[in-house]
Amino acid sequence: MEKGDLEKGRLGDEESGGRGNLEKRVIRFLFVGTLSKGKRPLYALQLAEQLHVAGYRVYLDLYGEGAERNALETYIQEKGLQDVIMLHGNQTAATVQTAYENSHFLVLPSQSEGWPKVVAEAMFWGCVPIASAISCVPNMLGNGERGIILTMDLEKDIQQIKRTLDNEALYQSKAGKAVLWSRQYTLDYFEEEIRLLLGS
């Protein structure tokens, strides 16, 4: 599975920002969404912070704007996380797609969600979702086979993320299953839309 291959990385060397072996490269986390209390971006920061403190080479990119931006910037400054976390603001769809392709994990600790589009997009590009158990997320993630379901207990969630970070085969399994599920779902969806258009 080339797009999820952590051994080679999607873009090659580490400076490219592509994926690589979890033991040898920076582990890239991604948050995509409004910086609002409901999306709980602070929890994503806290996950990255705790993994960093535990000695993992992690980096968290956040894409989106919102009322919580100033609070997040203050948290990053006060905790000295400027080299671990970056707020990118709103970016183009192409830029976000590249972020999906080059990240190992998507973090979505949202309190509520309709159709979690960002989860489906991440899975399509081989970016393993770490998401709260809202809406249809547990079903999308195969109850944990295609991602990690957050309990929203920081200590417990750090432990389950560590189990995946410490097991390359487990990560590859989740990423591969995520890609297969999301692409089959997309194919089925478009086939159904075409059938409806043709009235058959």
Side-chain angles (χ1 to χ4, degrees), residues 22-23 26-64 66-87 99-100 103-123 126-175 177-178 181-182:
L22 290 178
E23 295 180 357
V26 174
I27 303 161
R28 303 195 72 92
F29 292 81
L30 177 66
F31 175 97
V32 178
T34 306
L35 303 182
S36 64
K37 287 187 177 180
K39 295 286 187 180
R40 296 193 282 211
L42 178 60
Y43 197 75
L45 267 64
Q46 292 170 332
L47 289 173
E49 176 191 9
Q50 291 302 311
L51 290 169
H52 171 67
V53 169
Y56 291 88
R57 299 175 63 204
V58 300
Y59 198 89
L60 171 64
D61 293 290
L62 293 94
Y63 290 88
E68 293 299 295
R69 179 169 184 132
N70 289 341
L72 297 176
E73 288 177 337
T74 298
Y75 188 91
I76 292 168
Q77 185 72 30
E78 290 180 349
K79 299 288 187 174
L81 298 171
Q82 297 92 329
D83 294 333
V84 179
I85 300 169
M86 173 68 73
L87 300 173
Y100 282 129
S103 298
H104 297 100
F105 298 95
L106 169 80
V107 184
L108 182 72
S110 184
Q111 287 180 327
S112 64
E113 204 79 22
W115 164 243
K117 180 184 175 186
V118 294
V119 172
E121 290 174 342
M123 294 171 78
C127 178
V128 175
I130 301 174
S132 49
I134 42 97
S135 182
C136 55
V137 166
N139 181 59
M140 292 175 72
L141 302 190
N143 294 314
E145 288 191 3
R146 297 184 286 265
I148 297 172
I149 299 175
L150 293 169
T151 66
M152 302 311 299
D153 178 311
L154 188 60
E155 184 175 345
K156 290 180 180 178
D157 288 336
I158 288 296
Q159 290 305 314
Q160 62 171 337
I161 292 170
K162 282 181 177 180
R163 283 194 291 272
T164 301
L165 297 184
D166 294 340
N167 188 333
E168 183 81 14
L170 179 59
Y171 174 86
Q172 292 285 7
S173 174
K174 290 181 185 292
K177 289 176 180 177
W181 181 88
S182 65

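The basis for the numbers below is simple: all heavy atoms, side chains too, and nothing from hydrogens, waters or symmetry mates. Each residue takes its place number in the sequence, starting with 1.
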* Do the side chains of His104 and Val128 get nearer than 4.5 Å, heavy atoms only? -> no
* Heavy atoms, side chains only, cut-off 4.5 Å: are Leu165 and Leu51 in contact? -> yes
* Do any pairs count as a ring pair (Phe, Tyr, Trp, His ring centres under 6.0 Å) and have a residue in residues 28-57, sequence neighbours left out, and if so which ones? -> Phe29-Phe105
* Got Tyr75 and Glu49 here, is their nearest side-chain heavy-atom distance under 4.5 Å? -> yes
* To do: Return yes if some donor-acceptor pair links the side-chain N/O of Thr34 with the main-chain N/O of Ser36 below 3.5 Å, else return no.
  => no
* To do: Please indicate whether Asp83 has more than 12 foreign heavy atoms, meaning atoms of other residues, nucleotides or ligands, lying under 6.0 Å from its CG.
  => no
* **Any residue meeting ring-ring contact (aromatic ring centres under 6.0 Å, His included) with Tyr63, in chain and number order, not counting sequence neighbours** => His88
* Would you name the heavy atoms of Ala48 and Val58 that are closest together and state the gap between them? => O-CG2, 3.5 Å
* To do: For the residue pair Leu81 and Leu45, establish whether any side-chain heavy-atom pair is separated by less than 4.5 Å.
  => no
* Name the one of Val32, Ile85, Leu30 that satisfies side-chain contact (heavy atoms from CB on, under 4.5 Å) with Asp61? -> Leu30
* To do: Could you check if a side-chain atom of Leu150 sits within less than 4.5 angstrom of a side-chain atom of Leu47, using non-hydrogen atoms only?
  => yes
* Asked: For the side chain of Gln160 and the backbone of Ile149, is there at least one donor-acceptor N/O pair under 3.5 Å apart?
  -> yes
* **CD/Glu155: more than 12 non-hydrogen atoms of other groups inside 6.0 Å** => no
* Does a sphere of radius 6.0 Å around NZ in Lys162 hold more than 12 heavy atoms from other residues, nucleotides or ligands, not counting ones at 6.0 Å or beyond? -> yes
* Over all heavy atoms of both residues, which pair between Met140 and Arg146 is shortest? Give the atoms and the distance, please. => O-NE, 2.7 Å
* Asked: Are any of the side-chain heavy atoms of Glu68 and Lys39 separated by less than 4.5 Å?
  -> no
* If you draw a 6.0 Å radius around CD in Gln159, do more than 12 non-hydrogen atoms from other residues or ligands fall strictly inside? -> yes
